[in-house]
Every structure is written in C-alpha cells, then in structure tokens.
Asks: 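Take this structure, written in structure tokens, and hold onto it; I'll ask about it next.
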Protein chains: 2
Amino acid sequence: MARTQGSHALTTGPKLREAALRLFAQKGYAAVSMRQIAAEVGVQVGALYNYTEDKQSLLFDLLQSHMQDLMAAWQVAQAGLMTPSQRLEAFTRFHIRYHLTRTDAVFISYMELRNLTPENFAKIETLRRAYEAQLQSILTEGQASGDFDLHDSKITALAVIAMLNGVLTWFRSDGRLSLDRVEGIYWDMVRRAVGCAP
Amino acid sequence: MARTQGSHALTTGPKLREAALRLFAQKGYAAVSMRQIAAEVGVQVGALYNYTEDKQSLLFDLLQSHMQDLMAAWQVAQAGLMTPSQRLEAFTRFHIRYHLTRTDAVFISYMELRNLTPENFAKIETLRRAYEAQLQSILTEGQASGDFDLHDSKITALAVIAMLNGVLTWFRSDGRLSLDRVEGIYWDMVRRAVGCAP
DNA sequence: GTCTATAATGGGATAGAC
DNA sequence: GTCTATCCCATTATAGAC
C-alpha cells in the first residue's frame, strides 16, 4: 500500500523536473503554478522547495541542462567527420533527430527566454550562441574550401537552424513521411541553399 | 491642463490595442496584467472593460486582425504577377518586409496560440493555414510547370516560412546588412532550396 | 466613459509539526 | 522529506458614483 507521507528523495527531484518541463511547454511558464506542478508530482507544494530554490531556478535549470546536453550530444555526433559536406549533413540530421525527441525542452528554450532574469538569460544566450557557432564554423570552412557557395555564413547559419526548427511544429511519427525521409528532404534543401554540390 | 477624467473614446480603444500588443509581445500574455495595460493606456483598469469583453478577447482580436491584415496585404502585393518564380520572389520579399514592420504581432501570433480558448485557437489556425496555402500553391504551380524542382510542396512551404521567420529574431535596421541585402540573400537561399534557376 | 472600491480567487513562498 | 496552515500580495472582473 502506497505511502502518502515520508521520504521520496530519489523520485521527487526527477519527477519535479519532468512535470515542470511538460507543464511549462504546454501552458507556458507564467501560466503554470507551483501548486499545479506539485499535483503532477504527487506532493504538496511545500515539498517542492526541497528541490528548487524557487520557480525561476526551476526554469533556468531546465534550459541550462537542455543546452548543455545538446552541445555534448553534438560533440559526439560530429566526431571523426572530415569534409564540410559530411559535417553539414551530420548537423542537419542530428539537429532534426535530437530535437524531435525533446520537443518540450526545445519549445521552452525558445518561448520562455523572456521569463528568465537578465543574468540567467545571458547565460542561456551564451550557450545558444555556442551551438549556432558550431554550424557557422562548418559553413565558413566549406566556404573557404570552395565546397559551399553562400553569401554570409552567419545569416545562413541562422536561416538553416530556423528552417530545421520548423520541423518540430508539424512532424508526427505516425504521419505521412518517415523521419528518415524528412531528414533527407531537409538535407537536400540545406545542401542546395548553401550551394553544396550533391 | 490635462483632464484626468471624462471621455476619451476616440483614443482609449486604439491605445488599448497598442499597449496590449506591445506588452504581450514583451512579457507574454499570462505575465501581463490588466492593471499594467491600464497604466500604459493612462486609465484605471475598470475603463478597459468598455473596450474589451475580457483579456481573452483582447488577445484574440489582436491575432485575428493581424492575420486578416496579412492576407489582405499579400493579395495586393501579388496582384498581377505571372510566373511561379516572380510570385515566389514576391512572397519572399513581402513576407520579410511585412513581418519586420510588425514584429510584436508576429511574435504573439506564434507564442500565444496556446493561451487562446480552443474555439479561438481554431479560428486563428484556419487563417494561418490559409496564408501557408498561398505559398504552397505557388510551389505546386512551379513544380507542375517545371520551374521548380522540389520533393514536397507542403513541407517545402513550411520550411521556407520557418526560414524567413528566422529573420525577425536577429534583423536590426541599423545593423551590418540593409533590408534590401537581407531580402536578396534570403531570396537566393529560397530560390536554390526549391530548385529554381536564376 | 472613467473613476473608486470591492468581490472572489489564486499566486509564490515559508514555518513548524511530524 | 513531506505535510498542513498561513502570510502577503496580485489577479480578473464587476458595481455604482460621477
């Protein structure tokens, strides 16, 4: 028979983060109350404050973890790839695949930036820029080697990421197109947009 | 000497809409109070309810007007254009230019959809899909005529719009690149992404 | 049309018992 | 570590005076 009181330190922390991530993505940070989160976790509101300093820290920690995990995963995914073309295809497919498995985190990473304190906002922005710089360096390299033909590596990097993020708004795994097919279509569009021969 | 009471019917309505648009874009619908809006307008909170049924209607009216204005402006912009290539270039430049002058409305049109009631959400979605369909029909037409070479007109339309929307996050009129130059760079990327010869 | 005052509800966060 | 109870403050929306 389930306890209704007592210690659940091993599960409450992760459950808090999961519930907050889901609710923030669904309803927005400002529209979600600590009471709602507590109800999802299955504790009373007071208990949450054993795991987070306040609501703001909760949002910040979720965004920071997401960006750090993203950077780490990309470092692994791109290891050993040599040519700009290989690396660009890898980035395209990685970005789509990785983000599609974490749509909630991606969503709040774009939508809830304005609900961060200025200090926290600056930290997340730094991480986000570092990720964008990864793509930009691929483009610059390909431009220098003559593999790519593009006007401006910074703008192109932002345009490519914006285009890839668009996938998240409509892709459904039970939809008309498989993930692999979608990756292929986007890779073809990216490839041509940067002037890279097939 | 300024009146602090009395009728301001001719200015309060528009000022309410302007203030709400700006504040919703800055802080998010849920994070903005009717008191804050009233302070911006320069009236007490009770007076706002002469101009809007409630906060939800305020958001819905802003989004609906934005989408209706957008569609009307595009109808004008594309009138008389014949070839798929001309129409696609017109769409690209129109979308960038039009949205850059209304960043607040664009922002809330994407961010605050989840704060609409289901009924209101459905209405805005219908308008948004109609706009996307404009681009899709250009792509389908260009595909049929052989002017374009692309895999899927629906996905391509969504990808192009997502890419163009990316401009809004970084463009500054006093920045490194002029609006005309930016339009040109994006048109080149769009053109190549859809397999359209120069 | 706008004001002031108020109703009714819910918010984040904390104290102290267990 | 969690609970209950509570503080204090903000919220949307309305009523009635001017």
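Naming: A, B, ... by sequence-line order, numbering from 1 per chain.
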Asks: Apply ring pair (Phe, Tyr, Trp, His ring centres under 6.0 Å) to the pair Phe121(B) and Phe60(B), showing each step before the final yes or no.
Replies: CA-CA 8 Å; Phe121(B) 177 78; Phe60(B) 174 70; over 10 Å; no
Asks: Rounded to the nearest angstrom, tell me the gap between atom CD in Gln56(B) and atom C1' in dA13(D).
Replies: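 From Gln56(B) CD to dA13(D) C1': 15 Å.
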Asks: Under 4.0 Å between any heavy atoms, over every strand shown, what does Val32(B) touch: base, sugar-phosphate, or nothing? Just pick one.
Replies: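 If one applies the 4.0 Å heavy-atom cut-off, Val32(B) turns out to touch the sugar-phosphate alone, with no base involved.
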Asks: Just compare dG11(C), dT2(D), dG1(C) and give me whichever is closest to any side-chain atom of Tyr51(B).
Replies: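 Nearest to the side-chain atoms of Tyr51(B), counting from C-beta on, is dG1(C).
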Asks: Is any NZ, NE, NH1 or NH2 atom of the basic residue among Glu132(A) and Arg129(A) found under 4.0 Å from an Asp or Glu carboxylate oxygen of the other?
Replies: no
Asks: Which class fits the ring pair Tyr29(B) and Phe24(B): parallel under 30°, tilted 30 to 60°, perpendicular over 60°?
Replies: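 Aromatic pair Tyr29(B)/Phe24(B) classed perpendicular.
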Asks: Atom CD1 of Ile37(A) to atom P of dA13(C): distance rounded to whole Å?
Replies: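 Atom CD1 in Ile37(A) sits about 10 Å away from atom P in dA13(C).
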Asks: When the distance from CD of Gln44(B) to P of dT11(D) is rounded to whole Å, what number comes out?
Replies: 14 Å
Asks: Given atom CG of Leu58(A) and atom C1' of dA13(C), what is their separation to the nearest angstrom?
Replies: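 So the CG-C1' distance, Leu58(A) to dA13(C), works out to 14 Å.
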Asks: Using only side-chain N and O atoms of Thr12(A), determine if any of them is under 4.0 Å from OP1 or OP2 of dT2(D).
Replies: yes
Asks: Taking only the side-chain nitrogens and oxygens of Ser33(B), find out if one of them lies under 4.0 Å from OP1 or OP2 of dA10(D).
Replies: no
Asks: If you find the nucleotide of DNA chain C closest to Gly46(B) and the one closest to Gly46(A), which residue's nucleotide is nearer the 5' end?
Replies: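 Whichever sits nearer the 5' end wins; that is Gly46(B).
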Asks: According to a strict under-4.0 Å criterion, is Tyr49(A) in side-chain N/O contact with OP1 or OP2 of dA15(C)?
Replies: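 Checking Tyr49(A) against dA15(C): no side-chain N or O falls below 4.0 Å of OP1 or OP2.
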Asks: Rounded to whole Å, please give me the gap between CE in Met34(A) and P in dA13(C).
Replies: 6 Å
Asks: Please give, in whole Å, the distance from dA13(C) P to Leu16(A) CG?
Replies: 12 Å
Asks: Can you tell me how far C1' of dG1(D) sits from NZ of Lys15(A), to the nearest Å?
Replies: 13 Å
Asks: Does one side chain, of His95(B) or Tyr131(B), offer a donor that lies under 3.5 Å from an acceptor on the other?
Replies: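 Yes, Tyr131(B) and His95(B) have a side-chain donor paired with an acceptor closer than 3.5 Å.
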Asks: So, does the side chain of Arg35(A) form a donor-acceptor pair with the base of dG10(C) at under 3.5 Å?
Replies: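 No such pair is found, so the answer is no.
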Asks: Side-chain donor-acceptor pair under 3.5 Å between Ser65(B) and Arg17(B), yes or no?
Replies: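 Yes.
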Asks: Take atom CG of Leu48(A) and atom P of dT14(C), then tell me their distance rounded to the nearest Å.
Replies: 13 Å
Asks: Nearest of dC3(C), dC3(D), dG1(D) to any side-chain atom of Asn50(A)?
Replies: dG1(D)
